[in-house]
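Scroll down for the structure; my scribbles are underneath it.
In this chain, numbering begins with 1 at the start of the sequence shown.
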Amino acid sequence: MLIRHAPDLTEAHVTPKQAYVDRRHFLAGLGAVAGAALLPVSADAAKLSGAKSAYSTDEKQTSFEDVTSYNNFYEFGTDKSDPAAYAGKLTTTPWSIKVDGLVNKPATYALEEFIKPYRLEERIYRHRCVEAWSMVIPWLGFALADVIKKAEPQGSAKYVAFETLVRPSEMPGQSAFFPALKWPYVEGLRLDEALNPLTMLAVGLYGETLPNQNGAPLRLVVPWKYGFKGIKSIVRISLVEKQPPTSWNLENASEYGFYSNVNPEVDHPRWSQASERRIGAGLLAGRQPTLMFNGYGDQVAAMYAGMDLKVNY
């Protein structure tokens, strides 16, 4: 299934900050959230900050306006403008996350308790969409590995499965007469991928808590994989023995594989992946070459040694 494009949007399309300010104040009220300093709260938003990360790129960051107005989040519609237009209705307070499956310490956490043990970092990552456009985004969050280790995975655990919220009353894409996908949206990683230091759970971007359209209040970020692997609005994290189903693979396995590592040498069946369009760079900037593993090969290539990456698209 084609993930449809829409023209680049303007700041006017961004969900008003007032629509999610209550959740921002909620997160700010955690005190020293995960050990990170909280900047002063303004009239319309709380700020988050985290330690700088050595994993960050020094490439020019995509603007906050573009990052928050040009999105794929099919729970709110299939056009790029739909998440910013409709996600403001999503209620993210209270929120709970279940961690279960093949772990010694399963638990269901309120959002604030889930975040509290971890030290926030700002990680500036390249983001590559399977549609051949890209961004550079300063995420705020913490390593998924820390969550997994706290849960004490059992020896039989080989994969990590993720599930997003189902709430058709607030997510109009879920109640569409012809839904784009089967709900809930599900994703998965191999356990070693989940434990890789680059893999993170994000609670913010650009020094603020996540806007709803970007996956509030908790989303996965795996920078060497195509963006659809970064499941949004997570409610469940499960350790399992067998490879879990993933939404786009269920929709069209011939086009969207389980691994979906960024690979310029393997085209999507309907377009080239050799180059990408950087959102916000302007028409004169042209396209730029796509990097193997989105430029993170030094940190992740060893996990796929001996695998035919063309087969595991």
Side-chain angles (χ1 to χ4, degrees), residues 1-6 9 13-16 18-24 26 67-101 108-111 114 127 129-131 160-189 201-203 205 209-222 225-238 240 244-253 255-256 258 260:
M1 175 179 288
L2 176 64
I3 304 178
R4 293 192 291 169
H5 293 268
L9 304 173
H13 293 85
V14 180
T15 302
Q18 287 78 5
Y20 50 84
V21 65
D22 287 345
R23 176 177 53 78
R24 290 170 173 255
F26 166 72
V67 170
T68 57
S69 65
Y70 195 86
N71 309 103
N72 284 324
F73 198 169
Y74 278 21
E75 284 84 344
F76 297 102
T78 57
D79 289 332
K80 293 293 184 292
S81 59
D82 286 344
Y86 302 116
K89 297 178 181 178
L90 178 64
T91 303
T92 58
T93 305
W95 192 275
S96 62
I97 300 99
K98 178 181 287 188
V99 180
D100 65 358
T108 298
Y109 299 91
L111 177 64
F114 181 79
H127 174 89
C129 181
V130 73
E131 298 170 333
V160 183
F162 304 86
E163 184 177 315
T164 197
L165 178 73
V166 176
R167 192 178 292 162
S169 61
E170 297 180 358
M171 302 173 113
Q174 293 180 341
S175 59
F177 190 74
F178 294 106
L181 295 167
K182 294 181 180 179
W183 312 115
Y185 195 101
V186 291
E187 255 305 336
L189 297 173
L201 293 172
V203 296
L205 56 78
T209 52
L210 281 175
N212 286 3
Q213 62 264 35
N214 292 94
L218 184 75
R219 67 165 290 163
L220 179 68
V221 179
V222 192
K225 294 181 179 289
Y226 290 116
F228 66 86
K229 295 291 291 185
I231 186 171
K232 306 174 180 75
S233 301
I234 297 169
V235 296
R236 188 177 185 182
I237 301 171
S238 303
V240 297
T246 62
S247 285
W248 279 103
N249 184 250
L250 290 170
E251 177 65 25
N252 192 337
E255 296 189 358
Y256 305 102
F258 175 81
S260 293

Requested in this report: Please examine the side chains of Val99 and Phe114, heavy atoms only from C-beta on, and report whether any two atoms are closer than 4.5 Å.
Outcome: yes
Query raised in the report: Between CD of Glu163 and OG of Ser247, what distance do you get to the nearest 0.5 Å?
Result: 9.5 Å
Query raised in the report: So do Ile234 and Thr164 actually touch side chain to side chain, heavy atoms under 4.5 Å?
Result: no
Requested in this report: Apply side-chain contact (heavy atoms from CB on, under 4.5 Å) to Asn214 and list each qualifying residue two or more places apart in sequence or on a separate chain.
Outcome: Val67, Thr68, Asn71, Leu205, Leu210, Pro211
Report task. For Trp95 and Ala216, work out which heavy atoms get closest and say how close. Result -> CH2-O, 4.3 Å
Report summary line: Contacts of Lys225 meeting salt bridge (Lys or Arg N to Asp or Glu O under 4.0 Å) (sequence neighbours excluded), chain-then-number -> Glu193
Requested in this report: Look at the rings of Phe228 and Tyr226 and say which category their plane angle falls in: under 30° parallel, 30 to 60° tilted, over 60° perpendicular.
Outcome: parallel
Report task. With Lys229 as the cation and Phe258 as the aromatic partner, state whether NZ or CZ is under 6.0 Å from the six-membered ring centre and within 45° of the axis. Result -> yes
Query raised in the report: Excluding sequence neighbours, so at least two apart, what forms side-chain contact (heavy atoms from CB on, under 4.5 Å) with Ser96?
Result: Thr108
Report task. Look at the side chain of Gln174 and the backbone N and O of Arg167, then say whether any donor-acceptor pair between them is shorter than 3.5 Å. Result -> yes
Query raised in the report: Do Leu201 and Arg219 have side-chain heavy atoms sitting under 4.5 Å apart?
Result: no
Query raised in the report: Distance-only, no hydrogens or angles: does the Lys232 side chain make a donor-acceptor pair with backbone N or O of Gln213 under 3.5 Å?
Result: no
Query raised in the report: So, Glu251 side chain and Tyr256 main chain: donor-acceptor pair closer than 3.5 Å or not?
Result: no
Query raised in the report: Side chains of Tyr74 and Trp248: closer than 4.5 Å at any heavy-atom pair?
Result: yes
